Amino acid sequence: MKSQGWRNVAAGTALSVTGAAVLLQIAALLPGLGISTQFIVSGLIVALAVSAPVCLVLLRQQARIAGLHSDLAQAFQRLERSAQVDGMTGLTNRDVFIEMTRDAMADRAGWLIVADVDHFKQINDDFGHGVGDRVLVAIGDAIQGNLRAGDLCGRLGGEEFGLFLHARGGREAHAAAERLRRTVSELGISTFAGGEIAPTLSLGIAASQGLTFSEVMRRADEALYEAKRQGRNRTVLASEPTTENHLRLVAAKA
């Protein structure tokens, strides 16, 4: 890049001096002017002295503009990423996760998992929000470590996470959720006081087949609440929708 810039400076200077030489030669041929050789040489020296610094200034401006373009492109990439990714956990944010899950549901059926950190408010109250942030980051890492190709995940907000799996059935989806639950329960998150805490998850699972995203999310939430009711740190698979439940979901949607 630098060598190309210097070549541009040399080319611009040479063009300027050549142009000045041509003009002086033409002027020397005009009758009555009587331009001497010494004047022509002086003119070329002046052209060289002026054009070289001007070309250098233009080169520096060009480099500065290129740098500004690079900074702008990087800033745009950071802005684009921040609009899609949760800054704390590195997972996709709620809106992107929902959009990607809806697109995935349009292609084939799957299983939606909603996971919530148990007693998260108590963790923040007892150990501080810094430790709570550590818990969220560690769980985000655990979620990404348990994903398979084609699975989706995201942070839904606060201490709640979402996953969408292309499992072959409820048993496989339940097993995947249980692997994640056990992985999280085995984490040891250090506190600022030198101790460790072991967070746990409650998870609700619902099949997406035949349902809209809002409907399957509602069923997964209901399963999650049941996991909380049963004592937390467990996985609950939503029952297959009955006609009564389906009509209730349709009515709620309307």
Side-chain angles (χ1 to χ4, degrees), residues 86 88-89 91-102 104-105 109-124 132 135-148 151-167 169-187 189 197-242 244-246 248-253:
D86 174 60
M88 180 178 296
T89 63
L91 305 180
T92 56
N93 62 31
R94 178 185 180 90
D95 292 339
V96 175
F97 172 74
I98 291 175
E99 181 181 355
M100 294 175 64
T101 300
R102 280 181 171 143
M105 287 174 57
W111 298 81
L112 180 66
I113 300 175
V114 178
D116 188 84
V117 185
D118 295 326
H119 302 295
F120 186 69
K121 182 180 183 302
Q122 184 177 343
I123 293 174
N124 281 331
V135 169
L136 296 178
V137 171
I139 291 176
D141 292 341
I143 289 174
Q144 294 189 77
N146 278 269
L147 288 182
R148 304 166 302 176
D151 292 342
L152 304 174
C153 67
R155 184 183 178 191
L156 299 179
E159 68 273 24
E160 193 172 66
F161 300 87
L163 299 91
F164 186 75
L165 312 180
H166 290 299
R171 181 175 298 179
E172 183 178 326
H174 188 275
E178 277 291 282
R179 283 195 300 272
L180 174 61
R181 186 190 63 80
R182 287 193 297 269
T183 298
V184 171
S185 67
E186 294 169 358
L187 294 173
I189 310 300
I197 60 172
T200 60
L201 287 180
S202 296
L203 304 99
I205 313 174
S208 69
Q209 187 170 12
L211 300 176
T212 66
F213 177 83
S214 297
E215 291 167 349
V216 70
M217 174 64 84
R218 188 176 297 112
R219 297 192 69 243
D221 276 338
E222 290 173 352
L224 170 63
Y225 297 147
E226 179 61 22
K228 296 283 189 181
R229 191 190 67 80
Q230 292 181 14
R232 297 178 170 82
N233 191 24
R234 64 192 65 232
T235 301
V236 171
L237 177 63
S239 59
E240 291 299 318
T242 62
E244 180 182 353
N245 285 338
H246 180 71
R248 178 172 57 81
L249 288 170
V250 171
K253 180 184 176 184

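In this text, all values refer to a predicted model and were calculated from it rather than measured experimentally.
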Arg148 CZ: over 12 foreign heavy atoms closer than 6.0 Å:
yes
For Glu178, all residues meeting side-chain contact (heavy atoms from CB on, under 4.5 Å), sequence neighbours excluded:
His174, Arg181, Arg182, Thr235
With side-chain contact (heavy atoms from CB on, under 4.5 Å) as the test, would you mind laying out the steps for Leu180 and Leu163 before giving the verdict?
CA-CA 11 Å; Leu180 174 61; Leu163 299 91; 4.1 Å; yes
When you look at Thr200 and Arg234, which way does the side-chain contact (heavy atoms from CB on, under 4.5 Å) test go after all the steps?
CA-CA 9 Å; Thr200 60; Arg234 64 192 65 232; over 6 Å; no
Applying salt bridge (charged side-chain N to carboxylate O under 4.0 Å, His left out), run through Asp221 and Arg218 and close with a yes or a no.
CA-CA 5 Å; Asp221 276 338; Arg218 188 176 297 112; over 6 Å; no
So how far is it from Gln144 CD to Thr89 OG1, rounded to the nearest 0.5 Å?
7.0 Å
I'd like to know if Glu99 pairs up with Arg94 as an ion pair, taking the criterion as any Lys NZ or Arg NE/NH1/NH2 lying under 4.0 Å from an Asp or Glu carboxylate oxygen.
no
Check against side-chain contact (heavy atoms from CB on, under 4.5 Å), Leu156 and Val114
CA-CA 9 Å; Leu156 299 179; Val114 178; 4.3 Å; yes
side-chain contact (heavy atoms from CB on, under 4.5 Å), that's the test. Do Leu136 and Phe161 meet it? Break it down for me.
CA-CA 10 Å; Leu136 296 178; Phe161 300 87; 4.0 Å; yes
Asp151 side chain vs Leu147 backbone, donor-acceptor pair below 3.5 Å:
no
Considering all heavy atoms, the nearest Cys153-Thr92 contact:
O-OG1, 2.6 Å
Rounded to the nearest 0.5 Å, the CZ atom of Phe164 sits from the CE atom of Met100 at a distance of 11.0 Å
Taking all non-hydrogen atoms of both residues, which atom of Ala173 and which atom of Ile113 are closest, and how far apart?
O-CD1, 4.2 Å
Can you find a pair of side-chain heavy atoms, one from Ile205 and one from Val236, that are under 4.5 Å apart?
no
Salt bridge (charged side-chain N to carboxylate O under 4.0 Å, His left out) assessment of Asp118 paired with Lys228
CA-CA 8 Å; Asp118 295 326; Lys228 296 283 189 181; 2.8 Å; yes
Taking Phe213's backbone N and O only, do any of them form a donor-acceptor pair with Thr101's side chain (distance below 3.5 Å, no angle check)?
no
When rounded to the nearest 0.5 Å, the distance separating CG of Asn233 from CG of Leu203 is 9.0 Å
Is a side-chain donor or acceptor of Glu186 paired with a backbone partner of Thr183 at a separation under 3.5 angstrom?
no
State, with a plain yes or no, whether a side-chain heavy atom of Leu237 is found less than 4.5 Å away from one of Trp111.
yes
Is there a side-chain contact between Pro199 and Val184, using heavy atoms and a 4.5 Å cut-off?
yes
If we only count heavy atoms from C-beta on, is the Arg102 to Ser214 side-chain gap below 4.5 Å?
yes
Ile197: which residues meet the side-chain contact (heavy atoms from CB on, under 4.5 Å) condition with it, sequence neighbours left out?
Ile123, Phe127, Val131, Val135, Ile189, Thr191
Which heavy-atom pair separates Ala220 from Ala206 by the least distance, and what is that distance?
N-CB, 3.6 Å
Hey, does Val216 have a side-chain heavy atom less than 4.5 Å from the side chain of Met105?
yes
Any Lys/Arg nitrogen of Arg229 or Glu226 sitting under 4.0 Å from an Asp/Glu carboxylate oxygen of the other?
yes
Report the distance from atom OG1 of Thr212 to atom CD of Glu215, rounding to the nearest 0.5 Å.
3.5 Å
Any side-chain heavy-atom pair of Asp116 and Glu159 under 4.5 Å
yes
What one should report as the nearest heavy-atom pair of Gln209 and Ala109 is CB-CB, 3.9 Å
What's the shortest heavy-atom distance between Asn124 and Gly132, and which atoms?
OD1-CA, 3.3 Å
Heavy-atom check, side chain of Glu160 versus side chain of Leu224, under 4.5 Å:
yes
Please report the interatomic distance CG(Leu91) to CG(Asp86), rounded to the nearest 0.5 Å.
6.5 Å
